[in-house]
Visitor: 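A single structure is presented below for examination.
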Amino acid sequence: MTLTAPIPDPEMGEPFLLTPGPLTTSIEVKRAMLRDWGSWDDDFRAMTREMRQRLLAIAGDDGSYDCVPLQGSGSYCVEAMLGSFVPRDGKVLVLANGAYGLRAAKTLEYLGRACTLIDKGDYLPPRGAEVAVALAADPAITHVLAIHCETSSGILNPLEEIAEATRRAGRKLLVDSMSAFGAVPLIAPDLGVEAFVSSANKCIEGVPGFGFVIARRAAIEAARGNSHSLSLDVHAQWETMEKTGQWRFTPPTHAVAAFMQALRMHEAEGGAPARLARYTDNRDVMVAGMRALGFETLLADTWLSPIIVTFFCPADPAFDFNQFYAAMKARGFIIYPGKLTVVDSFRIGCIGRMDAAIMRRAVAAAAEALHGMGVTNAAPPAIALAERAKLAA
Ligand SMILES: *Cc1c(COP(=O)(O)O)cnc(C)c1O
């Protein structure tokens, strides 16, 4: 899969961000930020309106959902969703298998909302059957919170079976689809989600500055007065947008303009299916190349997301992550440290304005970086493979 549009070039002094966001954006998206917008002006209001409609279309809206953009990073939107849709006497079952699930649980603690956790550790997926058991055991649970792609390991969680178990138990599903929406399918009415969140700087390939909540309109209406926070009140933001077309407080105008360009390019590329195909191709080329160097992935192929992939650090004592990072950066690629607790790891993202040709260059850079350190084989230590065997069990 090859991109025809101009792509950023490390020779221009800009490295590729092999990270899960902020990520490498197109020249066109960056250019869209070269003018100022009056936040009250009709042109900007039209942009906000069109943006909401386009996002709803990507979510497969059947007319019963609405989209509420919100200033801040993705975590602000998670907090806004939880504080607005979980009633003060509600209780959330959080499905955690990494940093973002744990962050959501911590957010609920801050909000004073009751929460119970299925914590699968660093990388095991929460399965539908265990969600069903947990829901049957605790009738006080009103909502289930799932992380679509847990970006800390790169695992793509089985959202369909989680949604099915939640629906059967008559509870409501909230989803953090931050790093998946726009590429991995999330058809809101099919899954029956109550609400989900994502942000501008992930699979839609915009710049950071805001995120958005997509929720059943009935749920938004019912959220009046529920939020603990003025600025993170989804209902209040929605009500103002519906009445005036404006954001309640200063909108990130340039980031919105950039996002509109990103949405047009998303559509021109062929929408979410085409984006998924390109990211999958990026992943396959990159993973095959890294494996050929001896690197091993944390996850078996079934659970590998097309978003970001975790690799074990090589066992060779000549390997040093900081040196590896610097050598990759010198060749125009920014990689990402790992987040595993048991063994050393690093991550390589597959999302952003990059194609398979770029991924091949990244693998070549990794080969040179290994060579520079005197590492002849990138195979991981035995303990890493033992960890992985637990996942297969
Ligand atoms: C990126 C991301 C977030 C939000 O992180 P911010 O740094 O607040 O933008 C939340 N959840 C997941 C799964 C993510 O990948």
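We count ligands from 1, going down the list as the structure has it; atoms in each ligand are counted the same way.
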Visitor: In ligand 1, which numbered atoms sit nearer than 4.0 Å to a non-hydrogen atom of R103?
Guide: 5 (O), 8 (O)

Visitor: One residue to check: H148. Relative to ligand 1, which of side chain, backbone, both or neither has a non-hydrogen atom less than 4.0 Å away?
Guide: neither

Visitor: Under a 3.5 Å threshold, yes or no: a donor from one side chain and an acceptor from the other, between K30 and T25?
Guide: yes

Visitor: Could you list the atoms of ligand 1 found under 4.0 angstrom from a heavy atom of S75?
Guide: 4 (C), 5 (O), 6 (P), 8 (O)

Visitor: Which atoms form the tightest heavy-atom contact between P208 and N201, and what is the distance?
Guide: N-CB, 3.6 Å

Visitor: If we count only N and O atoms by modelled type, under 3.5 Å, do the side chains of T297 and R291 hold a donor and an acceptor together?
Guide: yes

Visitor: State the atoms of ligand 1, each with its element, that fall below the 4.0 Å cut-off from a heavy-atom position in S179.
Guide: 15 (O)

Visitor: Quick one: does S73 get an N or O within less than 3.5 Å of an N or O on ligand 1?
Guide: yes

Visitor: Quick one: is the NZ or CZ of K202 closer than 6.0 Å to the six-membered ring centre of Y100, and within 45° of its axis?
Guide: yes

Visitor: Provide, to 0.1 Å, the distance between atom 11 (N) of ligand 1 and the closest protein heavy atom, together with that atom's residue and name.
Guide: D176 OD2, 2.6 Å

Visitor: Looking at C149, which atoms of ligand 1 are within less than 4.0 Å of one of its heavy atoms?
Guide: 13 (C)

Visitor: Nearest protein heavy atom to atom 2 (C) of ligand 1, by residue and atom, and its distance?
Guide: K202 NZ, 2.5 Å

Visitor: Any idea which atoms of ligand 1 are less than 4.0 Å away from a heavy-atom of G74?
Guide: 4 (C), 6 (P), 8 (O), 9 (O)

Visitor: Residues in side chain to side chain donor-acceptor pair (under 3.5 Å) with D344, at least two apart?
Guide: none

Visitor: Please list, in number order, the atoms of ligand 1 under 4.0 Å from a heavy atom of T151.
Guide: 12 (C), 13 (C), 14 (C), 15 (O)

Visitor: For residues D233 and H228, is any side-chain donor paired with an opposing acceptor at under 3.5 Å?
Guide: no

Visitor: Under 3.5 Å, is there a donor on one side chain and an acceptor on the other for S75 and R103?
Guide: yes

